[in-house]
Amino acid sequence: MRREHHARLPRMCFAPARKPSACLPSALAAVWIAGMLVVLAAVPAGAGSDAFRKETKRTVRAHEKARTHVDRLRAKNAGATEVRSAERRRKAIRAGLWDALWSVARDAGDPVAVDPSGRAGRCPAARARARSRAPERRDAVWTAPIHRYRLSAGYAARGSRWAHRHTGQDFAVPTGTPVYAVGPGTVRATTCGDGFGNQVIVRHPDGYFTQYAHLSRIDVRKGGRVAAGQRLGLAGSTGNTTGPHLHFEVRITPYMGSAVSPLPWLRRKSVQVGG
Ligand SMILES: [Zn+2]
């Protein structure tokens, strides 16, 4: 199997190199990434496949390592060429993951892949306003997705409600509680009708996506720009829920299977979310 590719190579290249010889030449790194993506593509697809899920998790971890490496290089004012090459590596990992998850999402009928505008679904609660044109400010102050909440199920929690581990952070709130965009971005999808109920997915300038699910009402439209703290809709209990709450997720791609731990991600944006 090609799996042997994974174990050793990335650590050497994604860790900040103390001396040039400690890092593999970038050509070899490219070979590693290509190998990983071939493996991802070759694993029997299907959201239910354990092998596929394992492989995507591994790829998400590799992406996060690559992103940390880019951040560190920037923090120490590394040369532009070095930063560009590290950023290219990060993007290559994400591109492979994106392709693999997109085809799985499309085959599974995930509305984010099939009809991101939500038009084909039944969205009786959606009252989208005209597209907003708020400027996408990179220096914006980020915020929590909801105010006055009780934290319920956390990221990676296990339970009978999830086929596998929980992929987001839940905020228990009454139906009708306003839900806000955590940062500036563009609405990638507004969908309804699947297990996530009425949901909004926002793409942020750093390339990450945030998902806001189980809403009772959606106030934005696909393609609209949103500012940090702008209301996206109201919390509710549409889709598979046991009560009103916001399911908040941070993803590397728009699709399921690429989630990262949301609270540390928010902390990096100076947003503290506590119980
Ligand atoms: Zn949840």
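Note that ligands are numbered from 1 as they come in the structure, with each ligand's atoms numbered from 1 the same way. Numbers here are sequence positions counted from 1.
- Contact check on Lys269 versus Asp206 returns a salt bridge, with a Lys/Arg side-chain nitrogen under 4.0 Å from an Asp/Glu carboxylate oxygen.
- Closest to the Zn ion (ligand 1) among the N, O or S atoms of His247 is ND1.
- The Zn ion (ligand 1) lies under 2.8 Å from an N, O or S atom belonging to His166.
- His166 places a side-chain N or O within 3.5 Å of a backbone atom of Gly154 that can act as its donor or acceptor partner.
- Atoms OG1 and CD1, on Thr177 and Ile146 in that order, are 5.5 Å from each other to the nearest 0.5 Å.
- Between the Thr143 side chain and the Val182 main chain, no donor and acceptor come within less than 3.5 Å of each other.
- Nearest N, O or S atom of Asp170 to the Zn ion (ligand 1): atom OD1.
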